[in-house]
Participant: 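Have a look at this one.
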2 protein chains.
Amino acid sequence: MAPTRMSRESLVPLLAAHVLQNGLAAASLRPLAKAAGTSDRMLIYHFGTKDALVAALLEYLAGMFAAALDTAFPKDRSASRRACAQTVYAITEEPQFAPFFRVWWDIVAGCSDDNAAYLDAAGGMMDVLLAWVVDHLPADDPDPQAGARAVLTVIEGAQMLRAVGCGDIAEAGLAALEGRPA
Amino acid sequence: MAPTRMSRESLVPLLAAHVLQNGLAAASLRPLAKAAGTSDRMLIYHFGTKDALVAALLEYLAGMFAAALDTAFPKDRSASRRACAQTVYAITEEPQFAPFFRVWWDIVAGCSDDNAAYLDAAGGMMDVLLAWVVDHLPADDPDPQAGARAVLTVIEGAQMLRAVGCGDIAEAGLAALEGRPA
DNA sequence: AGCGATCTGTAGCGCTCGCTACAAGCCTGC
DNA sequence: GCAGGCTTGTAGCGAGCGCTACAGATCGCT
């Protein structure tokens with residue numbers, strides 16, 4: 001195809017696209033290279049190690065996540081903490097988010113092995129999401145910092161329940177939260 | 001060692017112990033066999049397939065989980081929905097639960113690939129936990145079914161945040177929930 | 001005792017994994 | 001123009017993977 005020189009920067013988006021389609025845990029060098037139009041040999045050349053490649057990939061995915069929050073999510077504030085959680089839950093139910101969540105649970109599983117790159121990526125994404133929630137709580141929330149943490153906790157729980165096929169529990173759980181700030 | 005005959009039933013606990021120490025995603029036949037004092041050859045003989053072995057393992061782990069709820073967790077009811085969630089969070093913080101959670105996040109990640117065995121195991125564990133929460137809400141909770149779903153959602157969210165190194169968010173989030181039933 | 005079914009060890013198949021050795025291209029600076 | 005670096009292709013290494021073929025060993029049964 002394009003005979004242009006390759007670099008980490010040009011490769012990472014192509015690799016990320018493949019990972020979003022096929023999962024992170026199952027990603028190995030040869031299929032990744034094929035998806036990026038190169039060879040495993042060159043991936044090692046550019047990144048040095050598969051671990052370094054995955055670390056670059058995680059950083060890129062965290063950036064993608066932050067960008068997605070600014071585009072796919074509404075700009076206005078919610079009417080209540082509960083409504084804020086339900087909004088995020090409903091939006092992330094859209095099918096275009098499924099690939100991202102598949103990777104997300106691979107990241108969470110990777111964190112359980114105390115892998116620094118995974119922990120960094122996950123922590124970064126949670127920080128971004130927490131800041132977003134703070135900005136989208138009702139303007140009259142008495143304690144946005146605490147409220148955002150409560151909302152983020154229920155959001156993540158709901159998404160885990162949905163991931164394991166218990167979306168009904170998640171929806172009922174969200175609906176049963178307090179409607180107004182405590 | 002003991003030259004006694006082996007069977008699925010006698011093997012599964014030994015295999016489960018190895019998986020709890022080393023994770024589920026990384027488990028392969030030869031190390032599993034070594035941990036159980038046999039050979040990969042015999043594991044395939046008894047289970048037919050690695051997938052079938054994993055399915056049996058997941059079923060066993062789900063049973064272990066149900067049993068653990070009855071022993072490690074308090075018998076009395078909580079004073080509030082929030083207290084119930086905080087109790088479960090505090091107990092599962094004990095180090096002896098770490099191996100179980102490592103496997104748990106592997107299961108969640110496996111569910112994202114629509115693997116039936118993983119979905120069954122995860123759904124079973126959530127059902128057991130949900131029933132436990134129903135029984136441990138305050139006796140005067142106005143809607144135990146809905147309340148238990150809300151509590152379960154925040155518990156799972158808190159545990160995910162803890163898994164990715166954001167335990168501080170989880171604890172603040174739990175503390176900011178409503179103290180009494182909505 | 002002897003036969004058939006049930007178990008188990010040895011060896012190895014074909015495959016993929018991350019990674020490397022070696023050599024050839026290519027592009028830049030003198 | 002040509003020397004020396006940066007980039008790339010080919011081929012393969014050693015290891016581990018799930019799984020199987022084959023041959024004994026062992027057991028229950030008549």
Side-chain angles (χ1 to χ4, degrees), chain A residues 1-16 18-19 21-61 103 106-107 109-110 113-118 121, chain B residues 1-16 18-19 21-60 103 106-107 109-110 113-118:
Chain A
M1 316 305 178
T4 61
R5 283 285 171 67
M6 287 166 176
S7 65
R8 293 177 202 229
E9 291 67 34
S10 65
L11 285 170
V12 168
L14 303 171
L15 300 174
H18 179 262
V19 162
Q21 281 195 346
N22 300 91
L24 181 55
S28 55
L29 289 180
R30 287 169 179 82
L32 279 172
K34 195 171 184 180
T38 179
S39 66
D40 58 330
R41 167 73 181 74
M42 291 315 297
L43 292 184
I44 295 295
Y45 174 75
H46 283 298
F47 295 93
T49 283
K50 193 199 176 184
D51 282 354
L53 186 155
V54 170
L57 218 38
L58 289 173
E59 191 181 338
Y60 179 79
L61 287 168
V103 174
D106 281 337
I107 292 174
D113 298 330
D114 285 325
N115 182 307
Y118 283 74
Chain B
M1 317 295 178
T4 61
R5 283 285 170 68
M6 287 166 175
S7 64
R8 294 178 201 229
E9 291 67 34
S10 65
L11 286 170
V12 167
L14 302 171
L15 300 174
H18 179 262
V19 162
Q21 280 195 348
N22 301 90
L24 181 55
S28 55
L29 288 180
R30 286 171 179 80
L32 279 172
K34 195 171 185 180
T38 178
S39 65
D40 58 329
R41 166 72 180 76
M42 290 316 297
L43 293 183
I44 294 295
Y45 174 76
H46 284 297
F47 295 93
T49 284
K50 193 198 176 186
D51 282 353
L53 187 156
V54 171
L57 218 38
L58 290 173
E59 191 181 338
Y60 180 79
V103 173
D106 281 338
I107 292 174
D113 298 330
D114 285 326
N115 183 307
Y118 284 73

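All of these numbers come straight from a predicted model, not from anything done at the bench. Chain letters run A, B, ... following the sequence lines, proteins first and then strands; every chain starts at 1.
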Participant: Specify the separation, in whole Å, of atom CE of A:Met42 and atom C1' of C:dG18.
Facilitator: 16 Å
Participant: For a quick test of reading the model, state the closest non-hydrogen atom pair linking A:Leu58 to A:Ala121 and the distance between them.
Facilitator: CB-CB, 3.7 Å
Participant: Roughly, in whole Å, what's the span from NZ in A:Lys34 to C1' in D:dG9?
Facilitator: 17 Å
Participant: Measure the distance from CG on A:Leu11 to C1' on D:dT8 and round it to the nearest whole Å.
Facilitator: 13 Å
Participant: When you look at A:Leu24 and A:Tyr118, which way does the side chain to side chain contact (heavy atoms under 4.5 Å, CB included) test go after all the steps?
Facilitator: CA-CA 11 Å; A:Leu24 181 55; A:Tyr118 283 74; 3.8 Å; yes
Participant: Do you know which two heavy atoms are closest between B:Ala25 and B:Asp106, and how far apart they sit?
Facilitator: N-OD2, 3.2 Å
Participant: Under the rule for side chain to side chain donor-acceptor pair (under 3.5 Å), what residues qualify as partners of B:His18, not counting sequence neighbours?
Facilitator: B:Asn22
Participant: Scan residues 36-50 of chain A for pairs that pass salt bridge (charged side-chain N to carboxylate O under 4.0 Å, His left out), counting only residues two or more places apart or in two chains.
Facilitator: A:Arg30-A:Asp40
Participant: What is the per-nucleotide protein-contact pattern of nucleotides 16-26 of chain D, from the 5' end, where B denotes a base atom under 4.0 Å from a protein heavy atom, S denotes such proximity for sugar-phosphate atoms only, and - denotes neither?
Facilitator: -BBBBBB----
Participant: Judged by atom type as modelled, is there a donor-acceptor pair below 3.5 Å linking the side chain of A:Arg8 to the main-chain atoms of A:His46?
Facilitator: yes
Participant: In whole Å, what is the span from the NE2 atom of B:His46 to the C1' atom of C:dT6?
Facilitator: 10 Å
Participant: Mind calculating the distance between OH (B:Tyr45) and P (C:dT10) to the nearest angstrom?
Facilitator: 17 Å
Participant: Using atom CZ of A:Phe47 as one end and atom P of D:dT8 as the other, report the distance to the nearest whole Å.
Facilitator: 12 Å
